[in-house]
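Working notes, beginning with the structure itself.
All values below were derived from every heavy atom in this structure, side-chain atoms included, with hydrogens, water molecules and symmetry-related copies excluded. Note that the structure is a prediction, hence the values are computed from the model and not measured.
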Amino acid sequence: MSADSVSSAAAPGAAEIADWSAFFSRYSHIVLVANSDQAQLGKMKASLPDTALFVFFNKVYKVLDAPFDGNALLVARSGSVGANIVYRREVAEVLGYFPGDRFAGVVNLRVDPGERFSRPEEFEGASVRHLDLASYFSDFYSPGRIPTSGFALAVWLAELRMGRPVMITGFSARRSARWKLFHQHDWTLEQVILRLLIRGGLVVSSEKTDINPYAALALRFPELNATEAVFTGVEVLSERLEGANHEIDRLFSYTKVGRAIHTFSRWLKPKKRKVRLAEKLRATEQNGGA
């Protein structure tokens, strides 16, 4: 596969979807493990049969502290200059966590038209598949945002309806001292959709599902109108958000000098390797690939 064909691969057609279904049908369960403090990998592995497939994402050393001995699949998310673990030169380190013959290989995933696939030979000899979901979310994801890798795969697998449980662990969208939440993703929308899929039985979560207090309230007071409850909830959330925005505006005014110094210091920093690679790729394209 050439570099051009890799960067412009077509979305999965019927034949390719059938191939993906055949691939996943080898396993009894499909477990997506998020890079999160809330991931319950040990609990999931102990409770599931040896035929379960565990799907990891990108920098697996965030959730693994030793090589993984179960059935495993690595999803390598692409960015504007190729797979993140490729341009960061982390392929060998990441693949080192999957030394056995139960490693099913790498899925190089893109979920946005601006993301580029990496060539198979850039993955240190691992078996590589490309999954192009660049147009899959265009009709229902927030404009200007891009889905996270785990969310994208969970939704896509749920829609395949393979007759295999699709399970998730660590999909909490919670910021912590170790984990950042990048603004390019719509975390609120993703959590809403995942909870709907969980409640619809299309996805299974390892985390305890919170009791819905509004549903419980409706059972206790059947006179209450469900539509009115929704509008009331939106009203309260809007008021709280407005109050939070007021305090945020005050914080911006208090930190004006510090932010100016920070902006100036960032301007002085040399360009990151990713930016240099992106500029080089654009220049190559403008020159006709020469």
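Here the straight-line distance linking atom CD1 of I168 with atom CG of L194 works out to 5.0 Å at 0.5 Å rounding. The structure places CG of L48 at 10.5 Å from NZ of K43, a figure rounded to the nearest 0.5 Å. Separating the OG1 atom in T148 from the CG atom in N58 is a distance of 10.5 Å, to the nearest 0.5 Å. Taking CE of M162 as the reference point, atom CZ of F23 lies at 10.0 Å (rounded to 0.5 Å). Between the NE2 atom of H130 and the CZ atom of R119 there is a distance of 10.0 Å, given to the nearest 0.5 Å. Interatomic distance, CZ of R250 versus CD of E247, reported as 4.5 Å (0.5 Å rounding).
Counting heavy atoms from C-beta on, the side chains of H29 and V204 never come closer than 4.5 Å. Side-chain contact between E115 and V111: present, with at least one pair of heavy atoms (C-beta onward) separated by less than 4.5 Å. L95 places a side-chain heavy atom less than 4.5 Å from the side chain of V106. L202 places none of its side-chain heavy atoms less than 4.5 Å from the side chain of E159.
In this structure, the side chain of S36 engages the main chain of G170 through a donor-acceptor pair within 3.5 Å. Between the side chain of R110 and the main chain of S78, no donor-acceptor pair closer than 3.5 Å is present.
F54 and F68 have perpendicular rings, their planes meeting at more than 60° on a 0 to 90° scale where under 30° would count as parallel. Below 30°, between 30° and 60°, or above 60°: for Y97 and Y61 the angle between ring planes is between 30° and 60°, a tilted geometry. Using cut-offs of 30° and 60° for the angle between ring planes, the W20 and F24 rings count as parallel.
For the pair S28 and P165, the tightest heavy-atom approach, listed with the atom from each and the gap, is O-CD, 3.2 Å. Closest of all the heavy-atom pairs between P147 and E190 is CA-OE2, 3.4 Å. Between S205 and I198 the shortest heavy-atom distance is CB-CD1, 3.6 Å. The two residues R102 and G70 come nearest to each other via the heavy atoms CB-O, 3.7 Å. For the residue pair G150 and F171, the shortest heavy atom distance occurs at C-CE2, 3.4 Å. Across all non-hydrogen atoms, the minimal contact from V63 to A34 is CG1-O, 3.5 Å.
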Problem set entry | Working for side-chain contact (heavy atoms from CB on, under 4.5 Å), residues D19 and R129 | CA-CA 11 Å; D19 180 56; R129 288 168 167 252; 3.0 Å; yes

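Under a hydrophobic clustering in which Ile, Leu, Val, Met, Phe, Trp and Tyr are joined whenever their side-chain heavy atoms come within less than 4.5 Å, directly or via other members, F140 and L160 fall into the same cluster. Residue F57 is grouped with residue I193 when hydrophobic side chains (ILVMFWY) are merged at heavy-atom distances under 4.5 angstrom, including chains of intermediate members. Two different hydrophobic clusters hold Y141 and I146 under the rule that ILVMFWY side chains link at heavy-atom gaps under 4.5 Å. In the hydrophobic cluster analysis, where Ile, Leu, Val, Met, Phe, Trp and Tyr join through side-chain heavy atoms closer than 4.5 angstrom, L153 is grouped together with I17. F137 and L196 fall into different hydrophobic clusters, where Ile, Leu, Val, Met, Phe, Trp and Tyr are joined by side-chain heavy atoms under 4.5 Å apart, directly or via other members.
Each of I85, N108, V128 was evaluated against L74; a single residue qualifies, I85, per the side-chain contact (heavy atoms from CB on, under 4.5 Å) test. Residue S149 is tested with L32, L109, N84, V107 for a side-chain contact (heavy atoms from CB on, under 4.5 Å); the sole match is L109. The side-chain contact (heavy atoms from CB on, under 4.5 Å) test with F56 is passed by exactly one of L41, L73, V94: L41.
Remark: D139 CG is packed, more than 12 non-hydrogen atoms of other residues, nucleotides or ligands lying under 6.0 Å away.
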